[in-house]
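What follows is a set of notes on a single structure, which appears directly below.
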Amino acid sequence: NQMSDPETQVPITTGTSEQPKKKEDNKKKETCGIQYRNSITCVKYGSKNPVYGPLYSGSIKLAFYKKWNEIVSSGKVTVEEKQIILAMSENEGNMDAVQSYDSEILTAGAMQKTINPEGYGELSIQLWEFKQSNPDKFKELFENCGWDVKEIETLQKDKKVIKKYQAYYNDKTGKDLKILIRKGFVEKKYKEKVICIPMESFINACKDEDFQAK
């Protein structure tokens with residue numbers, strides 16, 4: 001009824017949409033953000049030839065992040081850097097904000113990091129770093145829900161190897177992934193709630209304190 005596409009959008013390990021009978025199955029579903037299924041709004045971007053896409057505005061202000069003291073005391077962020085980050089975030093979004101309606105494939109978090117149209121970008125780099133530092137949590141929040149990130153090596157003319165990081169959802173990236181995420185977000189659904197399964201797990205991850213730290 002909400003123009004979802006279960007053939008292509010269902011995460012690879014979350015099972016069916018039926019009511020789970022076991023608590024552990026229910027926990028796995030919630031891990032992939034199924035609890036946010038009716039929380040994503042169809043919004044419009046631009047006035048001439050507008051683009052329609054998903055938006056979850058979130059509710060967690062960066063200033064209220066629970067582990068600020070831990071990050072500052074460990075030396076990962078200085079007090080001055082914290083103040084600058086908090087000031088900048090007021091012009092960006094909430095920690096758990098996720099959207100896909102502009103030129104990028106996906107934008108997430110208080111500093112609005114993005115997966116760019118080719119699947120690369122700062123958010124893809126952060127996914128790779130999180131995968132290395134928190135492999136179990138990455139598997140729980142992303143890999144089990146269809147998301148992954150790959151290291152791509154390219155050889156330059158001067159024989160220098162450049163490493164880039166490309167995000168995937170169910171083996172789709174770039175233009176195909178952008179189309180998949182925005183499927184069902186059309187003019188007649190403007191301002192309505194529309195299902196976007198690939199985004200649900202990102203919303204859930206942005207509410208996780210370990211991923212918030214990244």
Side-chain angles (χ1 to χ4, degrees), residues 2-18 20 24-42 53-60 93-101 104-116 119 121-150 165-174 176-185 193-214:
Q2 292 181 300
M3 299 184 71
S4 65
D5 189 354
E7 290 295 325
T8 57
Q9 288 194 14
V10 172
I12 55 178
T13 59
T14 54
T16 69
S17 59
E18 297 177 359
E24 56 194 54
D25 292 338
N26 187 53
K27 183 178 181 181
K28 182 182 291 185
K29 281 177 170 291
E30 289 190 356
T31 298
C32 288
I34 195 173
Q35 63 269 39
Y36 306 111
R37 181 144 300 178
N38 296 310
S39 304
I40 300 170
T41 304
C42 177
L55 168 67
Y56 179 82
S57 298
S59 59
I60 304 173
N94 291 318
M95 294 194 77
D96 51 342
V98 186
Q99 59 94 345
S100 176
Y101 55 74
E104 310 302 283
I105 291 177
L106 194 74
T107 302
M111 304 307 292
Q112 297 286 276
K113 301 298 184 182
T114 68
I115 298 173
N116 71 27
E122 290 184 328
L123 183 53
S124 298
I125 294 172
Q126 289 188 326
L127 285 175
W128 176 262
E129 292 174 348
F130 189 70
K131 185 177 183 179
Q132 307 313 302
S133 62
N134 299 67
D136 292 338
K137 185 61 73 71
F138 181 87
K139 184 175 180 65
E140 173 189 324
L141 296 175
F142 294 105
E143 192 174 334
N144 286 349
C145 306
W147 283 97
D148 202 357
V149 59
K150 301 177 183 179
Y165 304 97
Q166 194 171 34
Y168 288 79
Y169 177 78
N170 285 353
D171 293 324
K172 291 183 182 292
T173 192
D176 291 338
L177 178 54
K178 192 173 186 178
I179 291 172
L180 175 63
I181 290 177
R182 299 183 186 187
K183 188 175 180 64
F185 290 85
K193 302 298 182 184
V194 179
I195 292 176
C196 182
I197 294 175
M199 225 170 80
E200 293 171 1
S201 49
F202 248 98
I203 294 170
N204 190 62
C206 287
K207 294 179 183 289
D208 179 85
E209 290 184 1
D210 291 326
F211 190 60
Q212 285 175 350
K214 169 52 65 180

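Bear in mind that the values here come from a model prediction, so they are computed numbers and not experimental data.
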Scanning both residues in full, the closest heavy-atom pair of Gly174 with Ile105 reads O-CD1, 3.4 Å

Please round to the nearest 0.5 Å and tell me the distance separating atom CZ of Arg182 and atom CG of Leu106. 9.0 Å

Looking at side-chain heavy atoms only, is the closest gap between Lys193 and Thr41 below 4.5 Å? yes

Would you find a donor on one side and an acceptor on the other, under 3.5 Å apart, between the side chain of Asp96 and the backbone of Ile60? yes

Applying side-chain contact (heavy atoms from CB on, under 4.5 Å) to Glu140 and not counting sequence neighbours gives Thr31, Lys137

So, Gln212 side chain and Cys206 main chain: donor-acceptor pair closer than 3.5 Å or not? yes

Checking Ile34 against Arg37 for the side chain to side chain contact (heavy atoms under 4.5 Å, CB included) test, could you report, in this order, the C-alpha distance in whole Å, the side-chain angles of both residues, the deciding distance, and whether it holds? CA-CA 5 Å; Ile34 195 173; Arg37 181 144 300 178; 3.7 Å; yes

Any side-chain heavy atom of Phe185 within less than 4.5 Å of one from Leu55? no

To the closest 0.5 Å, what do you measure between OG (Ser100) and CG (Leu180)? 10.0 Å

What's the shortest heavy-atom distance between Ser39 and Tyr56, and which atoms? O-CD1, 3.4 Å

Between Asn204 and Gln35, is any pair of side-chain heavy atoms under 4.5 Å apart? yes

State, yes or no, whether a side-chain contact exists between Ile115 and Gln166 at a heavy-atom distance under 4.5 Å. no

State, to 0.1 Å, how close Thr173 and Gly119 come at their nearest heavy-atom pair, and which atoms those are. OG1-CA, 3.5 Å

Which residues pass the ring pair (Phe, Tyr, Trp, His ring centres under 6.0 Å) test with Phe142, not counting sequence neighbours? Phe138, Phe202, Phe211

Verify, without hydrogens or angle tests, whether Thr107 (side chain) and Gln112 (backbone) share a donor-acceptor contact under 3.5 angstrom. no

Validation row: Tyr36, Lys207 side chains within 4.5 angstrom (heavy atoms): yes

Contact between Lys139 and Asp136 at the side-chain level, heavy atoms closer than 4.5 Å - yes or no? no

Compare every heavy atom of Asn94 with every heavy atom of Ser57, then report the nearest pair and how far apart it is. O-ND2, 3.2 Å

Do you know the tightest heavy-atom contact between Asn116 and Gly121? ND2-N, 3.6 Å

Evaluate the side chain to side chain contact (heavy atoms under 4.5 Å, CB included) criterion for residues Leu127 and Lys214: first the C-alpha distance (whole Å), next the side-chain angles of each, then the deciding distance (0.1 Å), finally the verdict. CA-CA 9 Å; Leu127 285 175; Lys214 169 52 65 180; over 6 Å; no

Here the pair of heavy atoms bringing Val194 nearest to Cys42 is CG2-CB, 4.0 Å

Flag, side chain of Trp147 to backbone of Leu141, donor-acceptor distance under 3.5 Å: no

Taken to the nearest 0.5 Å, the spacing of Lys113 NZ from Glu104 CD works out to 12.5 Å

Enter the distance from Asp148:CG to Asn170:CG here, rounded to the nearest 0.5 Å. 10.5 Å

If you round to the nearest 0.5 Å, how far is SG of Cys145 from CD1 of Ile197? 11.0 Å

Just how far is it from atom CD of Gln99 to atom OG1 of Thr114, taken to the nearest 0.5 Å? 9.5 Å

